[in-house]
Structures are given as structure tokens and as C-alpha cells.
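Heads up, the thing below is written out as C-alpha cells.
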Amino acid sequence: MFAWRDNVVAFPTGHKDSLKALTLMKTGVAAAAKTDGKAGDGIVTLKEWDSAQPVKLFNHDIYQLAADTLDPVAGIGDFLIVSNFASVTKHSLVVATFGEQLLAHRHSETDLHPTMTVLTGQTLEPHQLPQPVIAPKEKVQQKKIVGTLFVSHIARPPPHIVNQEVVAVSDFSLAEKALANARLFEVQGRSAEPIALDGQFLVTHPTTFGSDTLKRLEGRLVVAVDETGERYFKRLRVHKRLVVLESLNPDGITPAQLLSLDGSHGLPVLSDLLEVVGVLFELPNQGAKAS
């Protein structure tokens, strides 16, 4: 028997009204290029529809991740989009309050103790694996994480506050720039794992292809297009006239893709880039009550 602590922590302010004002456009599908492709191979095809479908985040909040608990989905400094109405299901990523803790963890359940919630963190460094949090379901408040924005390279680093794994977003203009008129491509297949899963949506922006864009997107997630029309969802690295598209899968079995800027080394030429600014895990249920 445990004396469970009362919940004394509130969720941060989440810019709900500002998020509601933004419009994203669901414009097509990013599918695995081959039905027998390997998980995480990063090879995709893009199909744009004749007409785009507007998407509104009509009852959501946005927070900044302040702890290394959601690797590789999001890193410290990235933004988390949470739903104020979506049901939390087994294995959902959540922002949760319990006792004096404000957590960004994965929600788990156990058949052995159906009245309990188990919140687990995840990291690529096993020696830094967060301790799981076990709590009665009625003592935990949770909001489902439904998206991420990769802004850690431009956002102000989050403050370190004991027991707080998320903080309020101090500069909402970064989220506005990432989301306003963003183009959503639905992922079909496993080629975008582990960053984006089957049925999720890449949040993208078109770019003006050139040296300035290459410099700005160095080290960022992109959909790269070569002269043959092949498309790759990978991390961009540029070494003089050589382009290295790094695999996002940490298992080591999916190789990098080599391209060039001028046809040297007999490699295909990089011809275009889409900037990937985030991932939306699920679309808002427009039938849900907006408040």
C-alpha cells in the first residue's frame, strides 16, 4: 500500500487560441516507394492531390520539451502539440501531471494491475533511461501528444526546472512559422520509421532550391529529390559538392544515400528539397467539441 501524492502541478499555458487561428493543408501522400521496402529505408513517393484539405488545430495546446524523454521522436527544445480532447490509448505519448511532476512520457497499461498507469520515458542512451512512474489512473491527468515540431535548433533552450519535463513556449512565432500553410503528406508504409509511422503526417514546407537553402537545412530533416525523381526522407549533410542523406533509423541496417550537386563521382544530382518541420501523429477529429 502506498500513500499516493495529491496532484499539485498544472499544465503550462499552451497558446490554444493562437494555434486555433492557423491553417495547415493536407495535400497528399508520402508512401513507401516499394511495397517490400525495409522499415526506415527513407525512400518515399509523393503524390499531391488536385485539391488540398484544410486542417485546423481547433482545441490543442503546444509546449516545449525540456527533458530527454521522448527520443527519437522529439529532442530537448522541440515543441509538442497536445490535444485537449483526444483519448489516451495504450502506448500513446502524453504530457502528464502527477504529484509534483510534469512529465513527457509514454502511457502504458498492465493487465496485472488494470487500475494503474505506467508512464515510461525513452532515450537513445541506456545509462540515461528515465525512471518509470507508476500511479493510480485517477491520480494522473494526461494530454495526448499528437504532433512534434523540430525547432530545437532555432528555439531558445528551455529552462531546467526540477520535475518539469515540458515548459511553456516562450516564442510562439516559431510554431506559427512552422505550421501556417504547412503541407501535410500522409505516410503510408514503414519507410519513415522511427520518426514518422504509418498513417502519420509529415509537416513540410517547399523551399527555393539553392546554396542558401542547402546551408540553412544542413543537419535538418528533409524530403530530398534527385534528378531521376527518386525521393528520400532523410537527414541532409552537404560536403562541398557531395550530398549525404543520412538514414533516420538507428539500427544501422539502412544505408545513407549519396547524391551530388554537379553530377560528380557518377552520382545522381540533388534537384529539390522539401523541409520537414514536424510530424502530426493524427488529424484533429472535427466532430469533437471545440472549446
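- Residue Val203 comes nearest to Ala178 through the heavy atom pair CG1-O, 4.2 Å, listed as atom of the first residue, atom of the second, then distance.
- If you take CG on Leu149 and CG on Leu174, they are separated by 9.5 Å, rounding to the nearest 0.5 Å.
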Yes or no on side-chain contact (heavy atoms from CB on, under 4.5 Å) for Leu270 and Val238, after CA distance, side-chain angles and deciding distance? CA-CA 11 Å; Leu270 176 68; Val238 180; over 6 Å; no

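- Each of Ile145, Val82, Leu80, Val146 was scored for a side-chain contact (heavy atoms from CB on, under 4.5 Å) with Leu93, with one residue passing: Ile145.
- Applying the salt bridge (charged side-chain N to carboxylate O under 4.0 Å, His left out) test to Glu282 and every residue at least two apart in sequence or in another chain returns Lys144.
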Got a list of side-chain donor-acceptor pairs under 3.5 Å for residues 112-122, not counting sequence neighbours?
residue	atom	partner	partner atom	Å
Gln122	OE1	Arg106	NE	3.1
Gln122	OE1	Arg106	NH2	3.3
Gln122	NE2	Asp71	O	3.1

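- Pairs of residues two or more places apart, or lying in two chains, never qualify as side chain to side chain donor-acceptor pair (under 3.5 Å) while including a residue from residues 198-211.
- Crowding of His239 atom NE2: a count of heavy atoms from other residues, nucleotides or ligands under 6.0 Å exceeding 12.
- Qualifying ring-ring contact (aromatic ring centres under 6.0 Å, His included) partners for His15, counting only residues two or more places apart in sequence or in other chains: Phe172.
- Clustering ILVMFWY residues whenever any of their side-chain heavy atoms sit less than 4.5 angstrom apart, transitively, puts Val94 in a cluster other than the one holding Leu197.
- Scanning for side chain to side chain contact (heavy atoms under 4.5 Å, CB included) contacts around Leu245 gives Ala224, Tyr232, Lys234, Leu236, Val243, Gln257, Leu259, with sequence neighbours left out.
- In this structure, the side chain of Glu227 engages the main chain of Val269 through a donor-acceptor pair within 3.5 Å.
- To the nearest 0.5 Å, atoms CD1 (Ile195) and CZ (Phe233) are separated by 6.5 Å.
- Considering every non-hydrogen atom in both Pro268 and Leu258, the closest pair reads CD-O, 4.2 Å.
- With sequence neighbours left out, Pro206 forms a side chain to side chain contact (heavy atoms under 4.5 Å, CB included) with Arg183, Leu274.
- By the side chain to side chain donor-acceptor pair (under 3.5 Å) test, Asp171 pairs with Ser173, sequence neighbours left out.
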Run Lys143 and Ser83 through side-chain hydrogen bond (donor to acceptor under 3.5 Å, both in side chains) and show every step you take. CA-CA 6 Å; Lys143 291 185 180 185; Ser83 172; over 6 Å; no

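- Contact detail for Gly14 and Leu19: the closest heavy-atom pair is O-CD1, 4.2 Å.
- The closest donor-acceptor contact from the side chain of Arg235 to the backbone of Gly219 lies under 3.5 Å.
- Considering every non-hydrogen atom in both Met25 and Pro54, the closest pair reads SD-CA, 3.9 Å.
- In the hydrophobic cluster analysis, where Ile, Leu, Val, Met, Phe, Trp and Tyr join through side-chain heavy atoms closer than 4.5 angstrom, Ile62 is grouped together with Leu22.
- Heavy atoms of other residues, nucleotides or ligands lying less than 6.0 angstrom from CD of Glu138 number more than 12.
- Partners of Glu218 by salt bridge (charged side-chain N to carboxylate O under 4.0 Å, His left out), not counting sequence neighbours, listed by chain and number: Arg237.
- With sequence neighbours excluded, no residue forms a salt bridge (charged side-chain N to carboxylate O under 4.0 Å, His left out) with Asp226.
- Remark: side-chain polar atoms of Gln64 are paired, donor with acceptor, to backbone N or O of Gly77 under 3.5 angstrom.
- For residues 259-281, the set of pairs meeting the side chain to side chain donor-acceptor pair (under 3.5 Å) definition, not counting sequence neighbours, comprises Arg216-Glu275, Asp262-Ser264.
- In this view, Arg220 and Phe150, His153, Leu217 satisfy the side chain to side chain contact (heavy atoms under 4.5 Å, CB included) rule, not counting sequence neighbours.
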Leu102 vs Val9, side-chain contact (heavy atoms from CB on, under 4.5 Å): CA-CA, chis, key distance, verdict: CA-CA 7 Å; Leu102 181 58; Val9 174; 4.0 Å; yes

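- Contact between Pro194 and Pro72 at its shortest, heavy atoms only, is CG-CG, 3.8 Å.
- From Asp68, atom CG reaches atom CD1 of Ile76 across 5.0 Å, with rounding to the nearest 0.5 Å.
- Contact detail for Val95 and Phe11: the closest heavy-atom pair is O-CE2, 3.5 Å.
- Both Ile154 and Leu179 belong to a common hydrophobic cluster when Ile, Leu, Val, Met, Phe, Trp and Tyr are linked at side-chain heavy-atom distances under 4.5 angstrom.
- By the side chain to side chain contact (heavy atoms under 4.5 Å, CB included) test, Pro130 pairs with Thr69, His105, Thr123, sequence neighbours left out.
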